[in-house]
Amino acid sequence: MRYVNKMRGAAMAAVVASTALAVAGCQPGGGGAGTADGGLTPSGAAGSASSSPTPGAPKPGGSASGSHTSSGPSTPSASLPSPTASAPPSSAPSAAGSAATCAAGSLKASARQADVRPSGTGTGAAVVEFTNVSGLSCVLKGHPTVAGAGNGSPEMNVPLTVKPTGTAASVKVAPGGKAWVKLTFVQVQGEGDGYCVSGSAPVVYPTMVVQLPGSGAHQVALDDGQFAECDDTVTVTTVSTVKLS
């Protein structure tokens, strides 16, 4: 029995000794250093991961401000002018003043034979007078168009070829004020029915239809006769507040 116990003790001692040697082989030392070094790789990766920014977090320096600028809305006032900053419409008067163009109903037109006219036996020239019969100042402008017509039928007219002279002007006419244009025709020559130098026959119109830009058409007759002319051609002046002769 004692012999058996001794054998068991020797066996246990051998196991303990083997275990001690095995434990000693696991301690840090020459052969285990490579394994330990190999184990640093995940640790280093973890350190690298911990030092990288969390997704969605602003980066340091310029990246953070760039991220903020791109995600935020643009400021309208930085790129577009404010509607209230625009200047109000100018109320400065025009060259002829701030008055409106004379309407047809604000004018009364009449005609007379001009004192200064080409020599001959026809009308030669006529002055058309426009009177502002409204209660407000208004503007007349430019050269007139002219057409020959019968009495009381201005729509049945024959447009004349107009040759304007002078620079077109705008004039302001006060209530009761007057403005004039002068019409100079190709003169009829000779006695009786007369003749035209061009060889065409003279034409006689009871009235003329005279129209200034924007101011309507006005039918006028001479106070002492009819309009006798040649070639259906007329030379016209621009409207003027200086009385013409």
Side-chain angles (χ1 to χ4, degrees), residues 101-134 138-173 176-245:
T101 300
C102 298
S106 66
L107 298 172
K108 178 182 178 181
S110 61
R112 60 177 173 82
Q113 190 173 29
D115 296 330
V116 179
R117 57 188 186 272
S119 61
T121 56
T123 304
V127 174
V128 180
E129 179 181 276
F130 296 94
T131 303
N132 180 3
V133 295
S134 73
C138 61
V139 174
L140 292 173
K141 54 189 176 183
H143 296 91
T145 59
V146 183
N151 285 318
S153 56
E155 68 285 352
M156 301 294 293
N157 59 55
V158 178
L160 274 58
T161 299
V162 173
K163 295 181 177 180
T165 61
T167 303
S170 296
V171 295
K172 187 174 181 180
V173 185
K178 300 178 184 296
W180 295 267
V181 294
K182 185 174 181 178
L183 318 178
T184 302
F185 303 98
V186 178
Q187 183 64 292
V188 177
Q189 303 296 322
E191 300 298 327
D193 292 337
Y195 66 94
C196 297
V197 172
S198 65
S200 63
V203 180
V204 177
Y205 294 107
T207 66
M208 288 285 170
V209 179
V210 183
Q211 180 173 354
L212 284 170
S215 296
H218 302 269
Q219 187 175 20
V220 295
L222 292 173
D223 52 6
D224 57 353
Q226 297 181 323
F227 294 93
E229 54 87 30
C230 288
D231 304 336
D232 282 343
T233 299
V234 61
T235 300
V236 301
T237 65
T238 186
V239 65
S240 173
T241 51
V242 177
K243 189 173 182 178
L244 304 174
S245 57

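Residue numbers count from 1 along this sequence.
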Legend entry - Expected output: side-chain T165 to main-chain V236 donor-acceptor under 3.5 Å: yes

Inset, instruction - Taking all heavy atoms of G150 and all of Q219, pick out the closest pair and write down the distance. - result: O-NE2, 2.8 Å

Legend entry - Atom pair CZ/OG1 of F185 and T233 - distance to nearest 0.5 Å: 10.5 Å

Legend entry - Exceeds 12 heavy-atom contacts within 6.0 angstrom, atom CG of N151: yes

Legend entry - For A179 against V239, the heavy-atom pair lying closest together: CB-CG2, 3.8 Å

Inset, instruction - Sort and list the pairs that fulfil disulfide bond (SG atoms under 2.5 Å apart) and have at least one residue in residues 208-245, not counting sequence neighbours. - result: C196-C230

Legend entry - Nearest non-hydrogen partners of V139 and S170, listed with the distance: CG1-CB, 4.0 Å

Legend entry - Separation between CZ of F227 and OG1 of T207, rounded to the nearest 0.5 Å: 7.5 Å

Legend entry - Close side-chain approach of L140 and L107, heavy atoms under 4.5 Å: yes

Inset, instruction - Spell out, as yes or no, whether a donor-acceptor pair under 3.5 Å connects the side chain of S240 to the backbone of V242. - result: yes

Inset, instruction - Indicate yes or no: at least one non-hydrogen side-chain atom of T237 is less than 4.5 angstrom from one of H143. - result: no

Legend entry - Expected output: side-chain Q189 to main-chain G120 donor-acceptor under 3.5 Å: no

Inset, instruction - For V210, enumerate each residue passing the side-chain contact (heavy atoms from CB on, under 4.5 Å) test, keeping only those at least two apart in sequence or located in another chain. - result: V128, F130, P144, L183, M208, V220

Inset, instruction - Taking all heavy atoms of A221 and all of P206, pick out the closest pair and write down the distance. - result: CB-O, 3.9 Å

Legend entry - Student check: side-chain heavy atoms of E191 and T121 closer than 4.5 Å: yes

Legend entry - Main-chain N/O of A169 paired with T238 side-chain donor or acceptor, under 3.5 Å: yes

Legend entry - Over all atoms of both residues, closest heavy-atom pair of C102 and S215: O-OG, 2.8 Å

Legend entry - Interatomic spacing from OG1 in T145 to CG in L160 - rounded to 0.5 Å: 10.0 Å

Inset, instruction - Output, in order, the C-alpha distance, side-chain angles, deciding distance and verdict of side chain to side chain donor-acceptor pair (under 3.5 Å) for N132 and S134. - result: CA-CA 6 Å; N132 180 3; S134 73; 2.7 Å; yes

Inset, instruction - Please step through side-chain contact (heavy atoms from CB on, under 4.5 Å) for the pair D232 and V158, ending with a clear verdict. - result: CA-CA 8 Å; D232 282 343; V158 178; 3.9 Å; yes

Inset, instruction - Check whether any side-chain N or O of T101 sits under 3.5 Å from a backbone N or O of G214 as a donor-acceptor pair, and report yes or no. - result: no

Inset, instruction - Check for a donor-acceptor pair, side chain of Q113 on one end and backbone N or O of G124 on the other, with a separation under 3.5 Å. - result: no

Legend entry - Distance, nearest 0.5 Å, that separates OG of S119 from CD of Q187: 7.0 Å

Legend entry - Backbone N/O of Q226 and side chain of T123: donor-acceptor pair under 3.5 Å: yes

Legend entry - Where A103 and S106 come nearest, the two heavy atoms and their spacing: O-OG, 2.7 Å

Inset, instruction - List in chain and number order the residues that pass salt bridge (charged side-chain N to carboxylate O under 4.0 Å, His left out) with K178, two or more places apart in sequence or in another chain; answer none if no residue qualifies. - result: E129

Inset, instruction - Step through the shown structure and confirm whether more than 12 heavy atoms of other residues, nucleotides or ligands are within 6.0 Å of NZ on K182. - result: yes

